[in-house]
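Structure record follows, encoded as structure tokens.
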Amino acid sequence: MSTPTISPSVNLKPETLARIDEVITHYPVKRSATLPLLHLIQEDAGYISEDAVLWIAQKLELQPINVLEVVTFYPMFRRAPIGRRHIKVCRTLSCALLGGYKTCENFQKEFNTTLGATSPDGEVTVDFVECLASCGTAPVVLIDEILHEKVDAAKVKQISAQIRAEAAARK
Amino acid sequence: MPAPTQHRLIFQHIDEPGYSNDIDCYLRNGGYEVLKKAVAQKPEDLREEVKKSGLRGRGGAGFPCGFKWSLVDRKSGKPIYLIVNADESEPGTFKDRYIMHQDPHQLIEGTMISCFANDVKQAYIYIRGEMPEGARILEKAIAEARAQNLVGPNILGTGYSCEIFVHRGAGAYICGEETGLIESLEGKRANPRIKPPYFPAVLGLYQCPTIVNNVETLCHVKHIVQQGGAEYAKIGTPGNTGTRIFCVSGHVQRPGYYEFPAGTITMGQLLNDVCGGPLPGRTFKAVIPGGSSAKVLRFGERYKGKRKVGTDMVDYDWGVEDVPMDFDSLAMIGSMGGSGGVIVMDDSVNMVEALANINAFYQHESCGQCTPCREGSLWMKKISSRMVHGEARKEDAALLKSVADQIPGRTICAFGEACSWPTQSFLIKFKDEFEGYAEAKKNLPADRLSLV
């Protein structure tokens, strides 16, 4: 009797698929590619869907729970879509000592949103994250992949205006 | 006494105008000459030089690197792995970021020399997930080095082959713990392994012998092989050789990174002479000397005892400002040098609120497998946050301390100690502030900075 195969639907770009096949070759044990695959899929699809979990499990010859338990352990992986831009404000001590909480609050005001939520226009999600390892230039904010340093009130305004301008240019 | 001058060994090219992170720039500055010299020597001789250098790991524990390498099981017949711990996450620490961003080839050269010295054929750089730019820079640098036959098959025609891959974490602090890191690299939750039996040197990655070294430590190896272990050991002080990078953050005029011969600078020189002292109108209140898990020091307290100087025992009587910033002196006064992350707090800071911030960090980062740590870190966070945002009671001080005292020594990894040390030390040194917080809170300025 043949085992019924599930074919989870993931729609990945050809270059993502190529990178996935390449990165698996980095490890003598396929399971090691779990984190790299989750990163690649999240970068492509924006989040990790149920189907993505099944797809990775098949790809790496694992049980789906082996992948799901990794998704739920690591803070960077998310199971639902977020805004187009992800603003991650450092919450930890050195940044807090120089106004990190204020910076976070200011970003929420700028985009009319709350912590962990996406702005009404779908443009921005504001989150707190733990130490970003740039404590000497506190407070710091990681926006998508770019680190912004010494983000005071004026810099929040400047960065927010730029994000809005980029959003407007896309429309 | 004025502060000694900086000795930039690892950070020689950091922030140097015109210095870029590509291989051409590195080669123009004498890059990879040490690797060329190293591969012509016997691996055991290189290991001997590292032992002679007295190098202590720069990730936090200060474990002697040469000794760590000597524990590697070389007779198992299994491959030996080397993992670069680039998961820099201890709050207050930010040195490895600059090495990887601005001088990645220094790390790759140090890594390749260490791999050759230990007969490693495969290395991984485990970099924090929050450093995507750093990961890209390292991947580019490795590709450049591979194109020049400095990484990959048959390196420099010697018949020795070794590959390096970059592996990204995903936001979990516990991956800095070496066995947690290994679990994570195997594609699992980063639950640290119990030792014994899982000493990485014997049963590490894929149950093979594995060396895990911090980014800065591997860069030091390059300089040790360049100068010779004995010559390198002349930098710094006996037992604390080489240079030490201090990352200073918080309430000083000039936060940043500063590199000095180990053991030659005191806390006072570092904070006042080098970092410009407190912010205008403020005075120093407390300092955490080695990353946020290190026990806090209170300005005004004194440390007395006997210490060894050369072969003699001499009395010491230090204030915070007098403490030499080396592993042993900081351990002697009940704290630690750790990762070199110095977090400074001035008199504007309420210590209950600062501790609540730290407790929220450790609660978020506990992996959850040991009950004392998972529950203890949660309760320390809940109690300290409630004190700040809700009702504070006089007995909370004793309650917090009692929770903290039940964690260390009862967990698989050192996170149990790391999460309880802040609470224990804050409660001992600032007991009055915790017991009086309910009253003091009424008079704290309403517009003060939120810390939690």
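Lettering follows sequence order; numbering is per chain, from 1.
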> Parallel, tilted or perpendicular: which fits the ring planes of A:His26 and B:Phe165, with parallel below 30° and perpendicular above 60°?
Replying inline: parallel
> Given that the side chain runs from C-beta out, which part of B:Cys367 has a heavy atom under 4.5 Å from chain A: side chain, backbone, both or neither?
Replying inline: both
>> Please report the interatomic distance CG(A:Leu38) to CZ(A:Arg78), rounded to the nearest 0.5 Å.
In response: 12.0 Å
> Does any heavy atom of chain A fall under 4.5 Å from the side chain of B:Val252, the backbone, both, or neither of them?
Replying inline: neither
> Which of the residues A:His39, A:Lys102, A:Lys30 is involved in the greatest number of heavy-atom pairs with chain B at under 4.5 angstrom?
Replying inline: A:His39
> Do B:Pro192 and B:Phe415 come close enough that some side-chain heavy atom pair is under 4.5 Å?
Replying inline: no
> Is it the backbone or the side chain of A:Thr72 that comes under 4.5 Å from a heavy atom of chain B, or both, or neither?
Replying inline: both
> Charged N to carboxylate O under 4.0 angstrom, A:Arg91 versus B:Glu365?
Replying inline: no
>> Out of B:Ala354, B:Pro79, B:Gly169, B:Gly341, return the one with the most heavy atom pairs under 4.5 angstrom to chain A.
In response: B:Gly169
>> Quick check against the 3.5 Å criterion: does B:Gln6 have a side-chain atom that pairs as donor or acceptor with the backbone of B:Glu259?
In response: yes
>> Looking only at heavy atoms and a cut-off of under 4.5 Å, which of B:Gly368, B:Cys247, B:Gly129, B:Cys175 has the most pairs with chain A?
In response: B:Gly129
> Side chain, backbone, both or neither: which part of B:Glu163 has a non-hydrogen atom closer than 4.5 Å to chain A?
Replying inline: neither
>> Using heavy-atom distances under 4.5 Å, tell me whether A:Glu43 contacts chain B through its side chain, its backbone, both, or neither.
In response: side chain
> Is chain A contacted by the side chain of B:Tyr173, its backbone, both, or neither, given a heavy-atom distance below 4.5 Å?
Replying inline: neither
> Do NZ/NE/NH1/NH2 and the carboxylate oxygens of B:Asp347 and B:Arg282 come within less than 4.0 Å?
Replying inline: yes
>> Among A:Val70, A:Val129, A:Leu93, which residue has the highest count of heavy-atom pairs closer than 4.5 Å to chain B?
In response: A:Leu93
> Does any heavy atom of chain A fall under 4.5 Å from the side chain of B:Arg128, the backbone, both, or neither of them?
Replying inline: side chain
> Using the ring of each side chain (for Trp, its six-membered ring), is B:Phe430 parallel, tilted or perpendicular to B:Phe426, with breaks at 30° and 60°?
Replying inline: tilted
> Given that the side chain runs from C-beta out, which part of B:Ser450 has a heavy atom under 4.5 Å from chain A: side chain, backbone, both or neither?
Replying inline: both
> Under 6.0 Å from the CG atom of A:Asn11, do we count more than 12 heavy atoms belonging to anything else shown?
Replying inline: no
>> Rounded at 0.5 Å granularity, tell me how far CG in B:Asn191 sits from CD in B:Glu177.
In response: 10.5 Å
> Does A:Glu166 pair with A:Arg84 as a salt bridge, N-O distance under 4.0 Å?
Replying inline: no
> Are A:Glu61 and A:Arg31 ion-paired here, with the side-chain N under 4.0 Å from a carboxylate O?
Replying inline: no
> Can you tell if the side chain of B:His167 reaches within under 4.5 Å of the side chain of A:Tyr27, non-hydrogen atoms only?
Replying inline: yes
> Between B:Phe11 and B:Tyr258, is the gap from one ring center to the other below 6.0 Å?
Replying inline: no
> Checking B:Val248 against chain A: side chain, backbone, both or neither under 4.5 Å from a heavy atom?
Replying inline: backbone
> Any chance CZ of B:Arg136 has more than 12 other-residue heavy atoms, nucleotides or ligands included, within less than 6.0 Å?
Replying inline: yes
>> Set out, in order, the CA-CA distance, both residues' side-chain angles and the distance that settles side chain to side chain contact (heavy atoms under 4.5 Å, CB included) for A:Ile41 and A:Ile20, then state yes or no.
In response: CA-CA 9 Å; A:Ile41 291 177; A:Ile20 283 172; 4.1 Å; yes
>> With chain B as the partner, which of A:Ser94, A:Ala33, A:Cys90 has the greatest number of non-hydrogen pairs under 4.5 Å?
In response: A:Ser94
> Contact part of B:Leu205 toward chain A, heavy-atom cut-off under 4.5 Å: side chain, backbone, both or neither?
Replying inline: neither
>> Please classify the contact between B:Phe361 and chain A as side chain, backbone, both or neither, with a heavy-atom cut-off of under 4.5 Å.
In response: both
>> Below 4.5 Å, heavy-atom pairs only: which of A:Leu60, A:Val23, A:Leu62, A:Thr92 has the largest tally toward chain B?
In response: A:Thr92
>> What part of B:Ser348 gets within 4.5 angstrom of chain A, counting heavy atoms only: side chain, backbone, both, or neither?
In response: neither
>> Under 4.5 Å from any heavy atom of chain A, what part of B:Tyr124 do you find: side chain, backbone, both or neither?
In response: side chain
>> Is B:Leu449 in contact with chain A via its backbone, its side chain, both, or neither, using a 4.5 Å heavy-atom distance?
In response: side chain
> Considering only heavy atoms, which portion of A:Leu142 lies under 4.5 Å from any heavy atom of chain B: side chain, backbone, both, or neither?
Replying inline: side chain
> If you check every heavy atom in residues 145-164 of chain A against those of chain B, which residues fall under 4.5 Å?
Replying inline: A:Glu145, A:Leu147, A:Glu149
>> If we define contacts as heavy-atom pairs under 4.5 Å, which of B:Gly250, B:Gly92, B:Gly256, B:Ser89 has the most with chain A?
In response: B:Gly92
>> Report which part of B:Tyr81 has an atom under 4.5 Å of a heavy atom belonging to chain A: side chain, backbone, both, or neither.
In response: side chain
> Quick one: of B:Met131, B:Glu186, B:Arg189, who has the most non-hydrogen atom pairs under 4.5 Å with chain A?
Replying inline: B:Arg189
>> side-chain hydrogen bond (donor to acceptor under 3.5 Å, both in side chains), that's the test. Do A:Asp121 and A:Ser119 meet it? Break it down for me.
In response: CA-CA 5 Å; A:Asp121 57 2; A:Ser119 59; 2.5 Å; yes
> In Å and rounded to the nearest 0.5 Å, what is the OG1 to CZ distance from A:Thr125 to A:Phe107?
Replying inline: 13.0 Å
>> Please rank B:Lys188, B:His364, B:Glu133 by heavy-atom pairs under 4.5 Å with chain A and give me the top one.
In response: B:Lys188
> So how far is it from A:Leu37 CG to A:Ile56 CD1, rounded to the nearest 0.5 Å?
Replying inline: 5.0 Å
> What residue in B:Glu88, B:Met345, B:Arg97 has the most heavy-atom pairs under 4.5 Å with chain A?
Replying inline: B:Arg97
>> Using the rule given for side-chain hydrogen bond (donor to acceptor under 3.5 Å, both in side chains), can you reason through A:Asn66 versus A:Thr34, listing the C-alpha separation, both sets of side-chain angles and the distance that settles it, and then say yes or no?
In response: CA-CA 9 Å; A:Asn66 300 142; A:Thr34 307; over 6 Å; no
